[in-house]
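Beneath this line is the structure, given in structure tokens, with notes to follow.
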Amino acid sequence: MQAIRHARPGRQKNMIRSELIQKIADENPHLYQRDVERIVNTIFDEITDAMSRGDRVELRGFGAFSVKKRDARVGRNPRTGESVEVEEKHVPFFKTGKLLRDRLNGK
């Protein structure tokens, strides 16, 4: 599914998977686009599979993907104020690497 974007001054541009694949294919004319798509999908699948097993995925200089556990708790329905039970869940977490952080901060 492709994201709908509106061009507004000062807003960030989102890159979707198909744009990433196209950019890699454009920068590597010796590769077929279908092969680039297969490579990108394999990378994302491997990261997802590792995280679903509870493993940590580290891409040096970029960052690390991991899974954090959120305990069960009692929450509140914002409309009614009624208490609701929120189940335990696992959520993805990304911690940026030093090189990425430095680049984002213009260092």
Side-chain angles (χ1 to χ4, degrees):
M1 187 165 134
Q2 299 219 348
I4 298 173
R5 285 172 276 142
H6 302 281
R8 292 187 195 150
R11 291 223 40 195
Q12 295 175 344
K13 182 180 183 298
N14 298 323
M15 178 180 278
I16 58 176
R17 184 187 299 233
S18 61
E19 291 171 337
L20 174 63
I21 291 167
Q22 187 62 53
K23 183 167 179 61
I24 294 170
D26 290 348
E27 291 179 5
N28 296 278
H30 61 285
L31 297 174
Y32 292 110
Q33 183 162 349
R34 69 177 179 268
D35 294 334
V36 172
E37 184 173 356
R38 199 173 301 132
I39 291 166
V40 169
N41 289 336
T42 300
I43 291 168
F44 288 151
D45 289 345
E46 288 300 316
I47 291 171
T48 302
D49 291 346
M51 290 177 66
S52 68
R53 292 189 306 267
D55 295 342
R56 182 174 183 267
V57 178
E58 182 177 337
L59 303 172
R60 295 275 164 100
F62 182 71
F65 298 91
S66 60
V67 178
K68 290 199 173 197
K69 179 181 153 206
R70 292 201 181 153
D71 293 330
R73 62 183 174 84
V74 176
R76 296 227 175 265
N77 181 328
R79 276 193 192 171
T80 64
E82 178 184 341
S83 294
V84 289
E85 293 292 325
V86 179
E87 294 179 2
E88 170 188 291
K89 59 184 167 182
H90 295 85
V91 294
F93 180 75
F94 177 75
K95 182 177 179 185
T96 57
K98 185 177 184 327
L99 292 176
L100 176 59
R101 223 177 8 257
D102 288 349
R103 189 165 179 188
L104 292 174
N105 291 307
K107 294 181 183 178

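Owing to the predicted nature of the structure, the values given are computational and were not obtained by experimental measurement.
- Residues Phe44 and Phe62 are members of separate hydrophobic clusters, defined by side-chain heavy-atom contacts under 4.5 angstrom among Ile, Leu, Val, Met, Phe, Trp and Tyr.
- Here CG of Leu20 is found 11.0 Å from CD of Glu37. Values are rounded to the nearest 0.5 Å.
- Annotation: the span from Ile21 atom CD1 to Asp35 atom CG amounts to 11.5 Å, rounded to 0.5 Å.
- Under the 4.5 Å side-chain heavy-atom criterion for grouping Ile, Leu, Val, Met, Phe, Trp and Tyr, Tyr32 is not connected to Ile24 through any hydrophobic cluster.
- With sequence neighbours excluded, no residue forms a salt bridge (charged side-chain N to carboxylate O under 4.0 Å, His left out) with Arg34.
- Looking at Glu27 and Lys23, a side-chain N of the basic residue comes within less than 4.0 Å of a carboxylate O on the acidic one, giving a salt bridge.
- Here the closest non-hydrogen pair linking Arg101 and Thr96 is NH1-O, 2.8 Å.
- Cluster annotation: Leu59 and Leu100 are assigned to the same hydrophobic cluster (Ile/Leu/Val/Met/Phe/Trp/Tyr, side-chain heavy-atom contacts under 4.5 Å, transitive).
- Considering all non-hydrogen atoms of both residues, Met51 and Val67 come closest at O-CG2, 3.3 Å.
- Asn28 is not listed as a side-chain neighbour of Val36, based on a closest heavy-atom distance of 4.5 Å or more.
- Across every non-hydrogen atom of Phe94 and Phe65, the tightest pair is CD1-CE2, 3.5 Å.
- Scanning for salt bridge (charged side-chain N to carboxylate O under 4.0 Å, His left out) contacts around Arg70 gives an empty result, with sequence neighbours left out.
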Under 3.5 Å, which donor-acceptor pairs link side chains of residues 83-93 to any protein atom two or more places apart or in another chain?
residue, atom, partner, partner atom, Å
Ser83, OG, Arg76, NH1, 2.8

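- At a threshold of 4.5 Å between non-hydrogen side-chain atoms, the residues Leu99 and Arg103 do not count as touching.
- Remark: Asn105 pairs with no residue by the side chain to side chain donor-acceptor pair (under 3.5 Å) rule, at least two apart or across chains.
- With sequence neighbours left out, the salt bridge (charged side-chain N to carboxylate O under 4.0 Å, His left out) criterion links Arg60 to Glu58.
- Distance CG/Asp26 to CD/Glu19: 11.5 Å, rounded to 0.5 Å.
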Give the C-alpha distance, both sets of side-chain angles, the deciding distance and a yes or no for salt bridge (charged side-chain N to carboxylate O under 4.0 Å, His left out) between Lys69 and Asp71. CA-CA 6 Å; Lys69 179 181 153 206; Asp71 293 330; 3.5 Å; yes
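- Under the rule for a salt bridge (charged side-chain N to carboxylate O under 4.0 Å, His left out), Glu46 has no partner lying at least two apart in sequence or in another chain.
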